Amino acid sequence: MEIIIVENYKELSQKAAEIFLNQLNIKLNSVFGLSTGSTPVGLYNKVVELYKKGGYDFSFVKTFNLDEYYLISSENKNSYHFFMNDVLFNHINVDKKNIFIPDGEVKDCDAFCDWYEKEISNNPIDLQILGIGENGHIGFNEPGSSLDSKTRLVDLSPETIKINSRFFDDKNNIPRQAITMGIDTILKAKNILFLASGAKKAKAVYDMIYGNISLDCPASALQRHKKVLVILDKDAAELLK
Ligand code: F6R
């Protein structure tokens with residue numbers, strides 16, 4: 001893993017946006033793996049800002065999102081569909097037919113997950129954006145997830161449900177499951193751009209980098225990947241030597 005430590009979240013977002021857009025410059029029809037949550041918001045904002053200044057074309061790009069809650073409608077403002085449209089897709093010239101996000105309402109989950117996994121195999125991800133949960137999850141691969149896991153329906157841990165409840169007005173309506181790319185799916189990406197910000201992530205980041213590869217910290221599986229760029233702000237890096 002290559003590790004870059006920057007001063008703060010603003011710098012992290014700036015650096016991540018440069019890498020994201022550089023991928024587009026290298027390959028016009030890049031396939032991006034995308035993440036949601038608080039961490040990549042600054043990256044997406046910066047990408048939109050630079051796109052609006054001109055010179056970038058997303059019309060040949062394909063995107064695959066890591067995960068989506070289950071059950072949730074794509075119109076629900078807490079869905080990852082809504083989030084992605086709001087922060088990124090509505091502001092760039094990506095072709096809607098090239099956007100792939102797990103379907104939070106699909107009836108036959110197994111068939112859908114097999115299809116999603118095949119689409120990713122047929123369109124290998126050039127650059128996967130990743131964040132990390134305080135419990136070491138990547139995507140919604142919670143501790144205990146198999147390192148060989150593929151796209152599937154998972155139960156969210158009580159800790160993740162609690163942490164993510166900050167976004168939901170009605171606490172009774174927080175989804176308890178999600179469809180997520182598996183750890184094996186994520187590791188197939190050609191390049192991974194991993195982002196973490198804030199002291200709350202410091203322990204998980206430490207375990208990811210220095211811990212044994214273990215089901216207890218799903219992100220530790222990234223040690224097996226040859227091209228992971230880790231960008232941390234100072235707080236997220238506070239436990240690193
Ligand atoms: C989101 C995702 C999650 C988040 C993680 C951190 O698509 O896959 O693994 O990256 O929960 O979330 P934030 O950035 O909100 O702290």
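Values in this document were obtained by computation on a predicted structure and should not be read as measured data. Note that ligands are numbered from 1 as they come in the structure, with each ligand's atoms numbered from 1 the same way.
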To which protein heavy atom is atom 15 (O) of ligand 1 closest, and what is the distance rounded to 0.1 Å? S38 N, 2.8 Å
Pairing of D155 and R176 as salt bridge, 4.0 angstrom limit: no
Hey, looking at atom 3 (C) of ligand 1, which of A178, G139, A219, P218 has the closest heavy atom? G139
Which residues satisfy the salt bridge (Lys or Arg N to Asp or Glu O under 4.0 Å) test with K10, sequence neighbours excluded? none
For ligand 1, find out whether one of its N or O atoms is nearer than 3.5 Å to an N or O atom of Y80. no
Students should be able to answer this: which protein heavy-atom is nearest to atom 5 (C) of ligand 1, and at what distance? H137 NE2, 3.4 Å
Would you indicate whether K150, at its atom NZ, is surrounded by more than 12 heavy atoms from other residues, nucleotides or ligands within a distance under 6.0 Å? yes
Do the side-chain N and O atoms of N76 and Y69 include a donor-acceptor pair separated by under 3.5 angstrom? no
Sub-4.0 Å atoms of ligand 1 with respect to non-hydrogen atoms of R166: 15 (O)
Starting from atom 1 (C) of ligand 1, what is the nearest protein heavy atom, named by residue and atom, and what distance separates them? T36 OG1, 3.1 Å
Measuring from atom 7 (O) of ligand 1, which candidate in N65, I163, L66, D67 has the nearest non-hydrogen atom? D67
Would you say the side-chain atoms of D233 and S197 include a donor-acceptor pair closer than 3.5 Å? yes
Out of T39, L130, I132, indicate the one that has the non-hydrogen atom closest to atom 6 (C) of ligand 1. I132
ILVMFWY cluster, L156 and M181 together (side-chain gap under 4.5 Å): no
Given G133, A204, G131, which one has a non-hydrogen atom that is nearest to atom 10 (O) of ligand 1? G131
Going by the atom numbers of ligand 1, which of them fall below 4.0 Å from some non-hydrogen atom of S35? 1 (C), 7 (O), 10 (O)
So, does E142 sit close enough to ligand 1 that a heavy atom of it is under 4.0 Å from the ligand? no
Pair N191, D126: side-chain N/O donor-acceptor within cut-off below 3.5 Å: no
Closest non-hydrogen protein atom to atom 16 (O) of ligand 1, residue and atom name please, with distance? K201 NZ, 2.7 Å
Measure E68 to ligand 1 on non-hydrogen atoms and call it side chain, backbone, both or neither using the 4.0 Å cut-off. neither
Is any side-chain N of the basic residue among K77 and D169 closer than 4.0 Å to the acidic one's carboxylate O? yes
Distance flag, aromatic centroids of F100 and F64, threshold under 6.0 Å: yes
